[in-house]
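Before any comments, here is the structure.
Here the structure is a predicted model, which means the values were calculated and not measured. For this chain, numbers begin at 1 and follow the sequence in order.
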Amino acid sequence: RMHARWAMLGALGCITPELLSTYGGVDFKEPVWFKAGSQVLTEGGLDYLGNPGLVHAQSIIAIVITQVILMGAVEGYRVNGGPAGEGLDKNY
């Protein structure tokens with residue numbers, strides 16, 4: 001189930017910037033999904049939705065740590081009895 005969640009978020013993350021740049025008039029430095037992540041490693045970093053006032057990502061290490069903490073918290077909540085977390089198989 002966790003892989004399906006990542007896949008749905010990944011698909012949304014791939015499609016949204018390309019649609020916004022093509023039809024929404026939003027100007028991205030790199031709207032193509034397989035090149036967008038490299039913007040974090042550039043000198044200016046990555047501005048989400050082209051706005052430095054939103055999330056300004058400059059450190060890949062900070063991004064990884066944030067993702068691990070957030071996903072760990074959500075999955076920990078689910079496994080400990082959160083939504084759809086009761087009655088799970090011990091091997092799951």
Side-chain angles (χ1 to χ4, degrees):
R1 290 182 185 182
M2 184 162 172
H3 297 303
R5 291 183 190 119
W6 280 108
M8 288 187 287
L9 286 173
L12 181 65
C14 292
I15 294 170
T16 302
E18 292 186 44
L19 290 176
L20 286 175
S21 68
T22 304
Y23 302 111
V26 179
D27 185 33
F28 292 101
K29 289 182 186 176
E30 192 58 66
V32 181
W33 67 269
F34 56 86
K35 294 180 181 178
S38 66
Q39 295 298 309
V40 174
L41 303 174
T42 62
E43 185 162 332
L46 176 65
D47 297 326
Y48 288 94
L49 295 177
N51 184 351
L54 292 175
V55 177
H56 182 68
Q58 287 185 306
S59 171
I60 192 75
I61 294 170
I63 292 170
V64 169
I65 290 170
T66 302
Q67 286 181 340
V68 167
I69 290 171
L70 291 176
M71 281 307 291
V74 169
E75 286 300 308
Y77 173 71
R78 182 188 62 83
V79 169
N80 289 317
E86 294 181 17
L88 288 178
D89 184 13
K90 297 262 186 209
N91 294 325
Y92 182 68

For [X], all residues meeting side chain to side chain contact (heavy atoms under 4.5 Å, CB included), sequence neighbours excluded:
| X | value |
| --- | --- |
| Ser21 | Phe28, Pro31 |
| Ile15 | Leu19 |
| Ile69 | Ile65 |

Verify the neighbour count for atom CG of Leu9: are there more than 12 heavy atoms of other residues, nucleotides or ligands below 6.0 Å?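 Atom CG in Leu9 is packed in, count exceeds 12.
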